[in-house]
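Notes follow the structure.
Each chain gets a letter, A, B and so on, in the order the sequences are listed, and its residues count up from 1. The model shown is predicted, which means the values in this text are computed figures rather than measured ones. We use all heavy atoms of the structure for the numbers below, so side chains are in, but hydrogens, waters and symmetry mates are not.
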Amino acid sequence: MEKEKNESSSSNGNPKPWQSYQTVYTNAKAGMDGVDKEKVQRVVYEMSKGSKYFENEERKEAFIRQKIEHMRARCAKLTAHDISHYQKVVDNRLPELEATRDLSRTWLHVDMDAFYAAVETLSDPSLKGKPMAVGGMSMISTANYEARRFGVRSAMPGFIACKLCPELNFVPTDFKKYTYYSDLTRKVFHNYDPNFMATSLDEAYLDITEVCRKRGISSSEIAEELRTRVYKETGLTCSAGVAPNRLLAKIGGIGKVTEHILRDVFGIKTCEEMLEKGSFICALLSNSTADFFLSVGLGLGGTATPQIRIVMLETWEELNGDAFDRIEAPGLGI
DNA sequence: TACATACAC
DNA sequence: TATGGTGTATGTA
């Protein structure tokens with residue numbers, strides 16, 4: 001375990017001041033290819049340092065580092081006997097989790113591309129091809145692909161985005177507009193799964209098992225058809241992921257703090273390693289947290305449509321005579 | 001039970 | 001000049 005190196009260090013071994021684990025946290029989001037990450041990190045650091053926000057971030061990072069040190073110390077103290085005990089716990093638990101695997105359903109995860117920015121471009125086509133962000137000087141909610149090439153991204157303050165991309169066009173948020181277009185996409189989703197789960201204005205999970213069976217076509221054909229129909233109805237593009245459960249259809253659920261802990265305490269970077277290091281996970285973490293990680297390692301995710309919002313749904317329908325069914329997905333929906 | 005943290009959009 | 005608002009899940013005091 002002590003061999004594990006902190007990968008946020010630069011290759012000569014000395015991290016630059018702006019290279020805290022936080023800013024080096026890998027960003028695999030679409031449109032970030034070819035961005036000069038080092039330059040972006042430096043600009044963000046220069047614009048942030050000294051601010052209240054920055055000091056608070058540093059305090060939180062120090063706290064996490066301390067937590068990680070503590071966990072590493074506990075790891076180091078585990079005896080061979082402890083480890084073989086927890087290995088047995090894992091060996092019992094994995095088959096139990098495996099037994100819950102359900103490969104009988106097909107889930108589709110739909111994610112609108114740069115949704116707010118794309119809607120704003122529909123209402124003002126002169127923005128097409130120009131770097132643009134929805135939000136203001138304090139906060140950006142969405143950046144289009146032209147802006148992302150400069151390192152501009154969601155949840156970045158607008159004044160930093162200006163520094164990265166002086167040509168950036170700002171458009172104020174208009175949720176009425178986004179709700180209108182979201183409803184148009186949801187009318188399309190409804191044709192494929194009347195009980196689809198909406199997680200936000202621009203994302204939804206659809207159980208397409210039945211529609212595939214009824215029409216005798218594959219899930220990828222359904223995905224392509226749905227994307228075409230969404231485009232026809234709205235003029236907006238979306239991406240769609242297909243898998244036997246929601247976790248795999250979307251991929252996610254582990255954020256920067258969890259990633260840091262997994263990597264620096266347990267040396268875990270892949271799902272395979274999550275299973276290999278299972279005994280350490282069980283030794284240090286609660287049962288529910290350990291179950292969560294082992295399930296992620298096995299690629300297990302939610303497959304059933306929760307029927308928990310029936311009462312709210314009826315109320316909602318009473319209020320909206322011709323409304324279609326809709327289930328709001330709880331939490332991460334995985 | 002109340003509060004803090006992590007996560008997602 | 002300036003770093004969101006909201007909902008869910010989980011852990012801890």
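- Lys60(A) has a carboxylate O that lies under 4.0 Å from a charged side-chain N of Glu57(A), or vice versa, which qualifies the two as a salt bridge.
- Separation of the Phe196(A) and Phe189(A) ring centroids falls under the 6.0 Å cut-off.
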Taking only distance into account, with no hydrogens and no angle test, what donor-acceptor pairs under 3.5 Å do side-chain atoms of residues 233-244 of chain A form with protein atoms, sequence neighbours excluded?
{"unit_1": "Thr234(A)", "atom_1": "OG1", "unit_2": "Val230(A)", "atom_2": "O", "d": "2.6"}
{"unit_1": "Thr234(A)", "atom_1": "OG1", "unit_2": "Leu236(A)", "atom_2": "N", "d": "3.0"}
{"unit_1": "Thr237(A)", "atom_1": "OG1", "unit_2": "Asp113(A)", "atom_2": "OD2", "d": "2.8"}
{"unit_1": "Ser239(A)", "atom_1": "OG", "unit_2": "Asp111(A)", "atom_2": "O", "d": "3.4"}

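- Nucleic acid contact class of Leu201(A) (heavy atoms, under 4.0 Å, all strands): none.
- In this structure, Ile217(A) CD1 and Ile222(A) CD1 are separated by 3.5 Å, a value rounded to the nearest 0.5 Å.
- Leu294(A) CG to Glu98(A) CD: the interatomic distance, rounded to the nearest 0.5 Å, is 12.0 Å.
- Comparing dT10(C), dC9(B), dC7(B) against the side chain of Thr289(A) picks out dT10(C) as the nearest.
- Straight-line distance between the C1' atoms of dC7(B) and dA2(C): roughly 25 Å, to the nearest whole Å.
- Proximity of Thr258(A) to the phosphate of dC7(B): a side-chain N or O atom is located under 4.0 Å from OP1 or OP2.
- The line from CD of Glu69(A) to CG of Asp264(A) is 9.0 Å long, rounded to the nearest 0.5 Å.
- Residues from residues 134-144 of chain A lying near DNA chain C, meaning a heavy-atom separation below 4.0 Å, are Met137(A), Ser138(A), Met139(A) in numerical order.
- Counting to the nearest Å, the P atom of dT10(C) and the CD1 atom of Ile254(A) are 14 Å from each other.
- The pair Glu203(A)-Lys250(A) meets the salt-bridge criterion, since a charged nitrogen lies less than 4.0 angstrom from a carboxylate oxygen.
- We find that CD of Glu203(A) is positioned 17 Å from P of dC7(B), with the value rounded to whole Å.
- Across dG4(C), dA8(B), dG11(C), the shortest atom-to-atom separation from the side chain of Ser286(A) is found for dG11(C).
- Nucleotides dT3(C) and dA8(B) have their P atoms positioned 23 Å apart, rounded to a whole Å.
- Rounded to whole Å, the distance from CG on Asp113(A) to C1' on dC9(B) is 15 Å.
- For the pair Leu285(A) CG and dT12(C) C1', the computed distance is 15 Å after rounding to whole Å.
- Residue contacts for Asn56(A): at a heavy-atom cut-off of 4.0 Å it reaches no nucleic acid atom on any strand shown.
- Side-chain proximity of Lys256(A) to the nucleotides dG4(C), dC9(B), dC7(B) is greatest for dC7(B).
- Between the side chain of Ser48(A) and the base of dT3(C), a donor-acceptor pair under 3.5 Å is found.
- The distance from atom CD1 of Ile140(A) to atom CE of Met132(A), rounded to the nearest 0.5 Å, is 11.0 Å.
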Under 3.5 Å, N/O pairs linking protein and nucleotides 2-5 of chain B:
none

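- Separating the NZ atom of Lys49(A) from the P atom of dA2(C) is a distance of 16 Å, rounded to the nearest angstrom.
- Side-chain N/O atoms of Ser48(A) and Ser51(A) include no donor and acceptor closer than 3.5 Å.
- Note on Ser288(A): a side-chain N or O is less than 4.0 Å away from OP1 or OP2 of dG11(C).
- When base pairs are accepted only as Watson-Crick or G-U wobble with both N-N or N-O distances under 3.5 Å, DNA chain C takes part in stems of 3 or more pairs at B:1-9 with C:5-13.
- For Lys60(A) and dT3(C), the NZ to P distance is 13 Å, given to the nearest whole Å.
- Screening residues 115-141 of chain A for ring-ring contact (aromatic ring centres under 6.0 Å, His included), with sequence neighbours left out, gives Tyr116(A)-Phe175(A), Tyr116(A)-Tyr178(A).
- Distance Tyr116(A) OH to dG5(C) P: 14 Å, rounded to the nearest Å.
- Straight-line distance from the CG atom of Leu262(A) to the C1' atom of dA6(B): 13 Å, rounded to whole Å.
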Can you list, pair by pair, the side-chain donor-acceptor contacts under 3.5 Å of residues 88-96 of chain A, counting residues two or more places apart and other chains?
{"unit_1": "Asp91(A)", "atom_1": "OD1", "unit_2": "Gln87(A)", "atom_2": "NE2", "d": "3.1"}
{"unit_1": "Asn92(A)", "atom_1": "ND2", "unit_2": "Lys88(A)", "atom_2": "O", "d": "3.4"}
{"unit_1": "Arg93(A)", "atom_1": "NE", "unit_2": "Asp291(A)", "atom_2": "OD1", "d": "2.8"}
{"unit_1": "Arg93(A)", "atom_1": "NE", "unit_2": "Asp291(A)", "atom_2": "OD2", "d": "3.3"}
{"unit_1": "Arg93(A)", "atom_1": "NH1", "unit_2": "Glu96(A)", "atom_2": "OE1", "d": "2.6"}
{"unit_1": "Arg93(A)", "atom_1": "NH2", "unit_2": "Asp291(A)", "atom_2": "OD2", "d": "2.6"}

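- We find the CD-CZ distance between Glu273(A) and Arg263(A) to be 12.0 Å, quoted to the nearest 0.5 Å.
- Taking the ring centre of Tyr45(A) as origin, the terminal cationic atom of Arg42(A) falls outside the region bounded by 6.0 Å and 45° from the ring axis.
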